[in-house]
There are 2 protein chains.
Amino acid sequence: MDDHLEQKAEFLKALAQPTRLKILDLLKDGERCVCDIFPAIGEQQSNVSRHLQLMKRAGVLASRKDGLRVLYRIKDGKITRLLEDVDLLFGRAGSAKGKRSAA
Amino acid sequence: MDDHLEQKAEFLKALAQPTRLKILDLLKDGERCVCDIFPAIGEQQSNVSRHLQLMKRAGVLASRKDGLRVLYRIKDGKITRLLEDVDLLFGRAGSAKGKRSAA
DNA sequence: AAAATATATTACTAAATGAGCATATAGCGA
DNA sequence: TCGCTATATGCTCATTTAGTAATATATTTT
């Protein structure tokens, strides 16, 4: 039972960081390779790679290889929903893209 | 826009810690004073007090005074839902109490 | 007003975190 | 095979974090 707590905390912690939120915001539109992500958010490749690993270990992301690249994606649509729900808590609709019904 | 990211990260971070998850698990049944919380989760009063402050600042909790005591509560039912949704992600129903429909 | 109770705050310590830079590893094309 | 590109991994540094213990600040009761 305490084990579950740890896992839950780890999962939430994986979401709870600005750089990672930026990455997730990109990935909500579909899978992307590291080479796309790090320029898009203005962080170093190594830094982004680490954040991706961390989120993967926490169960937030999944990945697959495509030749040289590694494509990352959000593991479960529910996670995207979750993040949108957090936005709603702050009276924020999603970041103007890929929104759902609005109610 | 980056401001919102920070706020979102702070909010999620406030949830992403085992001791705080224990506190939230207690509070989902209703408001509680510090004096009830800290023995219930086996942490020091000062430690719990600081976690409560942190969650309050992050917008997770609200509080009111009742005589000597301070009663804390989860600020918005949506937050409780959010935490339940995280449980569902791990194939966990809520912690056996106060569950909703079960989907 | 003094004692008792509940909560918040401060100072300290150990551990975790995020970022940078350099380097290692893996897969592709010549 | 060699070089080129993409990703992952050490290593270090500065900062943040969770916890403890001690103390300060209410608020109630006597």
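All figures in this text were calculated on a predicted structure; none of them were measured in a lab. By convention in this document, chain letters (A, B, ...) are assigned in the order of the sequence lines, proteins followed by strands, and residues within each chain are numbered from 1.
- Distance CZ (Arg69(A)) to P (dG29(C)): 11 Å, rounded to an integer number of Å.
- A pairwise comparison of heavy atoms in Asp29(A) and Arg32(A) identifies CB-NH2, 4.4 Å as the closest pair.
- Under the side-chain contact (heavy atoms from CB on, under 4.5 Å) criterion, Ala58(B) pairs with Glu10(B), Ala14(B), Val60(B), sequence neighbours left out.
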Are Glu84(A) and Thr80(A) close enough, and set up right, to give a side chain to side chain contact (heavy atoms under 4.5 Å, CB included), and what steps lead you there?
CA-CA 6 Å; Glu84(A) 289 174 1; Thr80(A) 311; 4.0 Å; yes
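- In this structure Lys22(B) satisfies the side chain to side chain donor-acceptor pair (under 3.5 Å) test with no other residue, sequence neighbours excluded.
- Note that the CG atom of Asp85(A) and the CD1 atom of Ile79(B) stand 11.5 Å from one another [nearest 0.5 Å].
- Of the two residues near DNA chain D, Ser49(A) and Leu68(A), the one whose nearest nucleotide lies more 5' is Leu68(A).
- Taking the 5' to 3' direction, DNA chain D first and last meets chain A under 4.0 angstrom from a heavy atom at dT5(D) to dC11(D).
- Checked against salt bridge (Lys or Arg N to Asp or Glu O under 4.0 Å), Lys8(B) has the following partners two or more places apart in sequence or in another chain: Asp87(A).
- Ala9(A) and Pro18(B) make their closest contact through CB-CD, 3.7 Å (heavy atoms, listed as atom of the first residue, atom of the second, distance).
- Within the structure, the ring-ring contact (aromatic ring centres under 6.0 Å, His included) test picks out no pair touching residues 56-81 of chain A (sequence neighbours left out).
- Contact check of residues 38-48 of chain B against DNA chain D (heavy atom, cut-off under 4.0 Å) returns Glu43(B), Gln44(B), Ser46(B), Asn47(B).
- Of the residues in residues 51-67 of chain B, those placing a heavy atom less than 4.0 Å from an atom of DNA chain C are Gln53(B), in numerical order.
- DNA chain D lies under 4.0 Å from at least one heavy atom of each of the following residues of residues 17-24 of chain B: Gln17(B), Thr19(B), Arg20(B).
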Identify each donor-acceptor pair in which a side-chain atom of residues 63-71 of chain B lies under 3.5 Å from a protein atom, sequence neighbours left out, and give them as a table.
| unit_1 | atom_1 | unit_2 | atom_2 | d |
| --- | --- | --- | --- | --- |
| Ser63(B) | OG | Lys56(B) | NZ | 2.8 |
| Arg64(B) | NE | Glu31(B) | OE1 | 3.1 |
| Arg64(B) | NE | Glu31(B) | OE2 | 3.2 |
| Arg64(B) | NH2 | Glu31(B) | OE2 | 2.6 |

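- Residue pairs meeting the disulfide (SG to SG under 2.5 Å) criterion with at least one partner in residues 26-64 of chain B, sequence neighbours excluded, are Cys33(B)-Cys35(B).
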Run the side-chain donor-acceptor check on residues 37-50 of chain A: report pairs under 3.5 Å with partners two or more places apart or on a different chain.
| unit_1 | atom_1 | unit_2 | atom_2 | d |
| --- | --- | --- | --- | --- |
| Glu43(A) | OE1 | Asn47(A) | ND2 | 2.9 |
| Asn47(A) | OD1 | His51(A) | NE2 | 3.4 |

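- Of the two residues contacting DNA chain C, namely Ala16(A) and Leu71(B), the nearest-nucleotide position lying further toward the 5' end is that of Leu71(B).
- With rounding to the nearest 0.5 angstrom, the CD1 atom of Ile23(A) is 10.5 Å from the CD1 atom of Ile74(A).
- For the side chain to side chain donor-acceptor pair (under 3.5 Å) test, no residue two or more places apart in sequence or in another chain qualifies with Lys13(A).
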